[in-house]
Amino acid sequence: MQTHHISLLTGDAKLNADYYVGVLGMRFIKNSVNQANPRNRHVYYGDFMGTPGTVITFFPIDDLRDRTDGKMFFSGIHYSIPEGSTQYWLDRFAEKGLKAEVDAIGRIRTADFEDLPIRMQETEGKNFDWHINYMSDVPAEFQITGVIGAELHVPDVAATGRFFEELLEIPVKGNIIDLDGVEAIELVQTAEDAPNSRFGKGSTDHYALGVESEEDLKYYWERAKALGFKREVFIDRGYFRSAYFIEPGGNRIELATGADVKIMDRFFRHQEVPDSENFPKPGFQLKTVLFLGVYVGGTGPIPADERKQVV
């Protein structure tokens with residue numbers, strides 16, 4: 001299985017966009033609502049197409065408290081970046097006054113504006129065609145290429161490992177939940193005297209893995225019942241379908257089908273502008289958008305100097 005997306009919490013929507021768009025160079029894909037609570041917002045970032053596997057989402061909540069990472073929690077976002085791009089990113093973080101360092105095996109470690117750990121790792125491949133975010137000042141050859149994991153802190157590593165192996169049929173090697181390719185979720189044992197975790201700024205609501213079809217989703221849903229794992233909800237999101245489970249440590253895992261491109265197309269023809277004066281307001285509607293378009297007989301977005309502003 002591969003990562004589909006990660007959904008997290010933020011206490012400041014504008015500050016959040018400043019980091020993920022302004023610093024990391026991701027595309028602001030969608031401004032929506034929390035379908036479980038339509039009074040709250042849900043914002044999406046990813047590559048230009050919003051490709052599953054590149055997407056992170058945030059639920060902005062006003063007056064959100066600081067998080068407590070205690071007995072059980074996901075920690076951080078692990079990104080893939082192209083080979084040879086580490087120095088570019090170190091220089092970029094330094095130019096923006098942000099601390100970043102390289103660990104013993106060459107991965108960048110830094111944090112967003114709410115102290116959410118960010119890790120970057122060089123892998124093969126670069127963004128191409130519609131995946132390149134032409135609206136970003138990050139050159140295409142250095143842009144983030146995907147979400148490749150996170151840490152999962154739990155009180156019983158073995159029990160959580162069995163959840164992934166027995167239910168999801170994903171191999172677990174030591175403390176590594178071995179997803180496809182370079183992707184991995186890293187299990188970390190929490191201390192016996194760790195406090196109870198409390199959601200807050202930078203907390204992960206859920207980690208989503210992708211499945212091929214609704215039939216696969218139903219297979220795992222019924223398999224969880226047969227094996228005695230906790231099921232939460234099976235739901236149709238309109239442009240994809242999801243099933244939510246609670247792993248033995250108490251963290252939420254989602255399985256999601258791939259997005260329906262025909263339905264999602266409307267999100268990729270209009271770029272919502274995150275620096276609008278109304279951006280922090282729940283449920284606002286933008287009046288100005290950017291028409292992207294394509295060349296007749298060609299591929300890829302129209303170059304920046306040829307895009308048209310429309311109302």
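For clarity, every value in this text was computed on a predicted model and none was experimentally measured.
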Any donor and acceptor pair, going by atom type alone, linking the side chain of [X] with main-chain N or O of [Y] inside 3.5 Å?
| X | Y | value |
| --- | --- | --- |
| Q2 | E183 | no |
| D103 | R107 | yes |
| Q143 | V138 | yes |
| S197 | G70 | yes |
| T160 | P248 | no |
| T3 | G53 | no |
| S242 | I235 | no |

I'd like to check [X] versus [Y] (side-chain heavy atoms, cut-off strictly below 4.5 Å). Are they in contact?
| X | Y | result |
| --- | --- | --- |
| Y220 | E169 | yes |
| I132 | W130 | no |
| L209 | I170 | yes |
| V154 | E247 | yes |
| F59 | S7 | yes |

Subject >> Interatomic spacing from OG1 in T68 to CZ in R65 - rounded to 0.5 Å >> reply: 7.0 Å
**OP:** Output the distance between atom CD1 (I81) and atom NZ (K126), rounded to the nearest 0.5 Å.
**Re:** 12.0 Å
So, for [X] and [Y], which heavy atoms are closest and what is the spacing to 0.1 Å?
| X | Y | result |
| --- | --- | --- |
| M1 | V211 | CE-CG1, 4.0 Å |
| F28 | V43 | CE1-CB, 3.8 Å |
| S85 | P82 | OG-O, 2.5 Å |
| V172 | F164 | CG2-CB, 4.2 Å |

**OP:** Go through the steps to decide whether E254 and H4 satisfy the test side chain to side chain contact (heavy atoms under 4.5 Å, CB included), and finish with yes or no.
**Re:** CA-CA 9 Å; E254 177 186 0; H4 189 279; 5.8 Å; no
Subject >> Parallel, tilted or perpendicular: ring planes of Y244 versus H206, cut at 30 and 60 degrees >> reply: perpendicular
Original post:
Between F113 and Y19, what is the ring plane arrangement, given parallel below 30°, perpendicular above 60°, and tilted in between?
Top reply: perpendicular
Using a strict 4.0 Å threshold on nitrogen-to-oxygen distance, state whether [X] and [Y] make a salt bridge.
| X | Y | value |
| --- | --- | --- |
| R27 | D47 | no |
| D69 | R67 | yes |
| E215 | R241 | no |

Residues [X] and [Y]: side-chain donor-acceptor under 3.5 angstrom:
| X | Y | result |
| --- | --- | --- |
| T10 | E114 | yes |
| E212 | T257 | no |
| T145 | Y79 | no |
| D112 | Y20 | yes |
| Y45 | N16 | yes |

Out of curiosity, does [Y] fall in the hydrophobic cluster containing [X] (side-chain heavy atoms, cut-off under 4.5 Å, transitive links)?
| X | Y | value |
| --- | --- | --- |
| I177 | F73 | no |
| I6 | L179 | yes |
| V23 | L15 | yes |
| I108 | L116 | yes |

Original post:
What residues form a salt bridge (charged side-chain N to carboxylate O under 4.0 Å, His left out) with D216, not counting sequence neighbours?
Top reply: none
Original post:
Does the gap between the ring centers of F48 and H131 come in under 6.0 Å?
Top reply: no
**OP:** Assess the pair F229 and F245: is the distance between their ring centroids shorter than 6.0 Å?
**Re:** no
Subject >> Over 12 non-hydrogen atoms of neighbours within 6.0 angstrom of NZ in K230 >> reply: no
Original post:
Can M26 and S136 be said to form a side chain to side chain contact (heavy atoms under 4.5 Å, CB included), step by step?
Top reply: CA-CA 7 Å; M26 304 179 77; S136 172; over 6 Å; no
Subject >> Single hit among D156, I176, V157 for side chain to side chain contact (heavy atoms under 4.5 Å, CB included) with L187 >> reply: V157
Original post:
Apart from I148 itself, what residues make up its hydrophobic cluster, given side-chain heavy atom links below 4.5 Å?
Top reply: V182
